[in-house]
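In what follows, a single structure is set out as structure tokens and then discussed.
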Number of protein chains: 2
Amino acid sequence: MREVAERAGVSIATVSFVVNNTKPVSPATRERIEAAMAELGFRRNVVARALASRRTRILAMAYPALQHRLGSTAMSFVTSAASAASEREYHLVLWPVDNDGVELTELIRQGLVDGIVLMEVLLDDARVDALISTGTPYAMIGRTADPAGLPYVDIDFDATVDTALDHLQSLGHREIAFVSERPPSEEFRAYGAKVRAEAAFRGSCERRGLEPIILECAQNAAGGRKAAGELLQARPRTTAVVIMNEHAAFGVVSGLARSGVRVPEDVSLLSVSTSSDMGAMADPVLTIMRSPGIHLGRLAVQLLLSQLDGGEAPSTRLLPCELHQGESTAPARVRG
Amino acid sequence: MREVAERAGVSIATVSFVVNNTKPVSPATRERIEAAMAELGFRRNVVARALASRRTRILAMAYPALQHRLGSTAMSFVTSAASAASEREYHLVLWPVDNDGVELTELIRQGLVDGIVLMEVLLDDARVDALISTGTPYAMIGRTADPAGLPYVDIDFDATVDTALDHLQSLGHREIAFVSERPPSEEFRAYGAKVRAEAAFRGSCERRGLEPIILECAQNAAGGRKAAGELLQARPRTTAVVIMNEHAAFGVVSGLARSGVRVPEDVSLLSVSTSSDMGAMADPVLTIMRSPGIHLGRLAVQLLLSQLDGGEAPSTRLLPCELHQGESTAPARVRG
DNA sequence: CTGAAAGCGCTTACAG
DNA sequence: CTGAAAGCGCTTACAG
């Protein structure tokens with residue numbers, strides 16, 4: 001920057017003004033400075049800028065990588081958040097942290113990031129406490145038990161489950177099961193998405209006069225197979241399954257097949273909060289409700305930056321998953 | 001840090017020495033300083049340290065997110081690299097960059113990162129040129145056409161393919177096909193992993209007196225289904241398939257099934273360079289050769305840090321995938 | 001073993 | 001519209 005200033009015959013302050021566009025500079029001076037920058041191939045050192053301005057323009061997306069697998073569905077949150085950040089001249093990096101808030105506190109106090117986007121929020125989340133007590137700007141994707149007043153965006157599970165049941169009921173299904181994730185550890189029992197989706201399913205069934213049944217299974221094909229077996233045992237008349245456990249969905253299909261139950265001829269399967277990519281991997285291609293990750297990642301960054309730079313906070317907080325018809329749902333058939 | 005120094009009655013220089021353990025400090029002084037740090041909850045500001053030391057201790061893992069999907073297999077490189085970095089007190093962040101080297105050059109010149117780990121290397125890769133011409137420390141996972149003298153680690157495709165063919169031949173298979181990825185765009189035709197794996201297959205077949213056939217398909221289930229159809233058309237006597245295209249593997253199974261060909265009874269399927277997670281999603285569970293991502297991520301970071309901090313460079317550069325028997329390979333059966 | 005001081009490359013009141 | 005100067009919070013020769 002000093003070199004640029006010398007070459008353009010101005011002070012480094014003036015160079016800084018044009019680089020950041022922070023103060024009016026006469027067109028002539030600006031032109032000389034820009035020419036000098038181009039000739040020298042100048043890039044401002046972001047570390048020095050960060051120290052002087054006390055802003056690093058780095059946002060961390062805190063992801064509990066050890067506890068959650070980062071599949072294509074989760075990645076859509078990350079990539080959309082990253083591109084939203086980049087439009088506002090921020091960097092967004094994916095930062096693996098533990099759930100207990102210790103690593104997150106470390107990260108914050110190092111002064112490397114200006115704000116945090118939090119994923120996979122628990123109903124009672126130590127990381128949120130850490131964020132609040134340190135006064136760190138943040139935005140959640142997901143929410144705690146009582147998120148009133150907190151900055152969050154999330155999937156609208158009530159609307160999502162309602163749409164799912166509308167779809168299945170319109171196909172004539174009345175015996176509908178819900179399969180969710182078995183928490184990998186005890187603390188995950190209070191994983192917000194799971195709890196809210198199950199509650200939404202119970203509520204929606206009640207309003208419709210349906211008898212809800214909810215199963216849990218591990219997040220892999222073996223879990224899905226096992227769940228399929230349990231379901232046929234517990235509710236042999238089931239004609240449709242809503243599953244919010246994308247890694248187990250394949251297993252449900254093959255588990256049913258092993259008992260001679262075909263999808264969708266005998267049982268319809270609707271995979272909720274997932275991606276088209278995941279749905280397309282299965283055979284039959286799954287009917288899915290696509291996670292609004294692309295939008296929520298962006299909204300979360302907007303929400304965070306509204307605190308950092310004072311823009312306006314987005315008014316939308318909740319977004320439903322969207323139905324995409326595949327081959328795994330079909331009209332109900334009366335079964336023995 | 002000034003506060004800590006005051007409280008301990010020393011200069012900030014001395015505090016710095018104990019924080020970084022860079023110079024001998026008397027036990028008594030050290031104790032006072034550590035006490036003061038604990039009381040004040042001191043964390044050194046990494047931005048200031050970076051500016052003063054001209055080292056940010058941040059490593060970027062450059063990933064062409066737009067061109068490659070970041071599945072669980074690729075994530076194993078990232079997480080192992082991140083933990084290796086963390087052991088040496090570096091941060092590793094995942095940085096999406098284009099293949100053309102422009103974004104990477106930008107990133108480098110901002111001075112935010114000390115070094116780069118490059119993934120998904122092309123045979124002729126503009127990013128490598130950018131790295132070399134700017135003198136940036138880096139390590140490749142994968143390699144260019146002529147990587148002699150360049151810092152890389154990679155999968156040993158020759159050994160991997162040989163093991164795959166050993167496995168299948170020992171089961172009596174002699175008509176073996178190879179399915180690889182169809183490049184999403186023209187520039188990816190020269191994607192190193194694909195080219196090397198195909199060449200290894202051809203070479204190994206030749207040495208064994210087998211007639212190689214190689215198909216390409218898109219990286220999804222539909223692609224796999226299509227490839228299965230094409231294969232049955234082109235080589236109906238095929239009894240085994242080696243596939244290096246994990247997202248299409250499910251599709252091959254179901255594509256074969258649609259033509260009445262069962263896996264593994266009629267055709268064996270071996271999915272190469274993938275993860276157990278992916279293999280377990282299929283039914284039957286796939287026999288796989290597991291990507292050595294966990295080791296290569298770590299080796300890449302060691303290789304990079306040997307340039308940065310002068311440790312010793314790892315001598316291992318190439319690692320094969322490891323065979324894990326699943327349910328998708330079985331003895332060959334003579335077919336019509 | 002410890003300290004005073006320069007300096008990392010910028011930003012930002014403040015003055016003009 | 002432009003500049004001189006302080007300062008961001010550390011590290012690191014250098015001197016003692």
Side-chain angles (χ1 to χ4, degrees), chain A residues 1-37 40-58 89-91 106-114 308-309, chain B residues 1-37 40-58 89-91 106-114 308-309:
Chain A
M1 190 174 256
R2 209 172 36 221
E3 284 180 46
V4 172
E6 273 172 25
R7 193 179 194 103
V10 297
S11 74
I12 60 166
T14 310
V15 175
S16 176
F17 299 153
V18 351
V19 168
N20 296 303
N21 219 342
T22 39
K23 282 200 186 178
V25 172
S26 77
T29 322
R30 171 182 301 271
E31 212 161 290
R32 257 183 306 135
I33 291 173
E34 279 169 352
M37 292 199 300
L40 263 31
F42 172 77
R43 291 282 100 189
R44 84 149 111 27
N45 180 304
V46 298
V47 176
R49 160 150 105 146
L51 183 58
S53 67
R54 323 188 50 105
R55 284 295 190 81
T56 63
R57 301 193 79 85
I58 298 177
E89 293 185 70
Y90 278 82
H91 290 305
E106 280 288 292
L107 169 60
I108 292 164
R109 301 181 50 200
Q110 293 186 52
L112 190 62
V113 303
D114 289 346
L308 251 22
D309 295 343
Chain B
M1 191 174 256
R2 209 173 36 221
E3 284 180 45
V4 172
E6 274 172 26
R7 192 179 196 104
V10 297
S11 74
I12 60 166
T14 309
V15 176
S16 176
F17 299 152
V18 350
V19 168
N20 297 303
N21 217 343
T22 40
K23 283 201 184 177
V25 172
S26 76
T29 321
R30 171 182 298 275
E31 211 161 291
R32 256 182 306 134
I33 291 173
E34 279 168 353
M37 292 199 299
L40 261 33
F42 173 76
R43 291 282 100 188
R44 83 149 111 25
N45 180 306
V46 299
V47 177
R49 158 149 107 146
L51 183 59
S53 67
R54 322 186 52 106
R55 284 294 190 83
T56 63
R57 302 193 78 85
I58 298 177
E89 291 185 71
Y90 278 82
H91 290 304
E106 280 288 294
L107 169 60
I108 292 163
R109 299 181 54 201
Q110 293 186 53
L112 189 62
V113 302
D114 289 346
L308 250 22
D309 294 343

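In what follows, chains carry the letters A, B, and so on, assigned in the order in which the sequence lines appear, proteins first and then strands, with residues in each chain numbered from 1.
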Nearest-0.5 Å distance that lies between atom CG in B:L51 and atom CZ in A:R49
14.0 Å
Working to the nearest 0.5 Å, report the span between NE2 of A:H91 and CG of A:D114.
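Rounded to the nearest 0.5 Å, the NE2-CG separation comes out at 11.5 Å.
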Here's a test of your reading of the structure: between B:A48 and B:T14, which maps to the more 5' nucleotide of DNA chain C?
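This one resolves to B:T14.
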5'-most contact on DNA chain C (nearest-nucleotide basis), A:F42 vs A:K23, goes to A:F42
Near DNA chain C, under 4.0 Å by heavy atom, which residues of residues 26-34 of chain B?
B:S26, B:T29
Stepwise side chain to side chain contact (heavy atoms under 4.5 Å, CB included) test for A:R44 and A:N20:
CA-CA 10 Å; A:R44 84 149 111 27; A:N20 296 303; 3.0 Å; yes
Considering all heavy atoms, the nearest [X]-[Y] contact:
X: B:Y90; Y: B:I58; answer: CD2-N, 4.2 Å
X: B:V47; Y: B:N45; answer: N-OD1, 2.7 Å
X: A:T56; Y: A:L112; answer: OG1-O, 2.7 Å

Looking at B:R109, I'd like to know if its CZ atom is crowded, meaning that more than 12 non-hydrogen atoms belonging to other residues, nucleotides or ligands lie closer than 6.0 Å.
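Yes, because the 6.0 Å sphere around CZ of B:R109 holds more than 12 heavy atoms from other groups.
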Could you tell me whether B:V10 contacts a base, only the sugar-phosphate backbone, or nothing, with contacts defined as non-hydrogen atoms closer than 4.0 Å?
sugar-phosphate
Touch class at under 4.0 angstrom, heavy-atom based, for A:R2 against every strand present
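Touches nothing.
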With a 3.5 Å cut-off and sequence neighbours excluded, list the donor-acceptor pairs that the side chains of residues 24-31 of chain A form with protein atoms.
residue	atom	partner	partner atom	Å
A:S26	OG	A:T29	N	3.4
A:S26	OG	A:T29	OG1	2.5

Anything below 3.5 Å on both distances counts as a pair; with that, list the stems of at least three consecutive Watson-Crick or G-U pairs involving DNA chain C.
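Correct response: C:1-3 with D:14-16, C:5-12 with D:5-12, C:14-16 with D:1-3.
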Heavy-atom side-chain proximity of [X] to [Y] below 4.5 angstrom:
X: B:V19; Y: B:M37; answer: yes
X: B:R55; Y: B:D309; answer: yes
X: B:R43; Y: A:I108; answer: no

Which residues, if any, of residues 49-58 of chain B bring a heavy atom under 4.0 Å of DNA chain D?
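B:R49, B:A52, B:S53 - these, ordered by number, are the residues of the stretch whose heavy atoms sit under 4.0 Å from the strand.
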Spell out, as yes or no, whether a donor-acceptor pair under 3.5 Å connects the side chain of A:R57 to the backbone of A:V46.
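No; judged by distance alone, with no hydrogens or angles, the pair does not exist.
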The criterion is side-chain contact (heavy atoms from CB on, under 4.5 Å); which residues satisfy it with B:A36, sequence neighbours excluded?
B:V4, B:R7, B:A8
Distance under 4.0 Å to a non-hydrogen atom of chain A counts as contact; along DNA chain C, which nucleotides mark the start and end?
C:dG9 to C:dC14
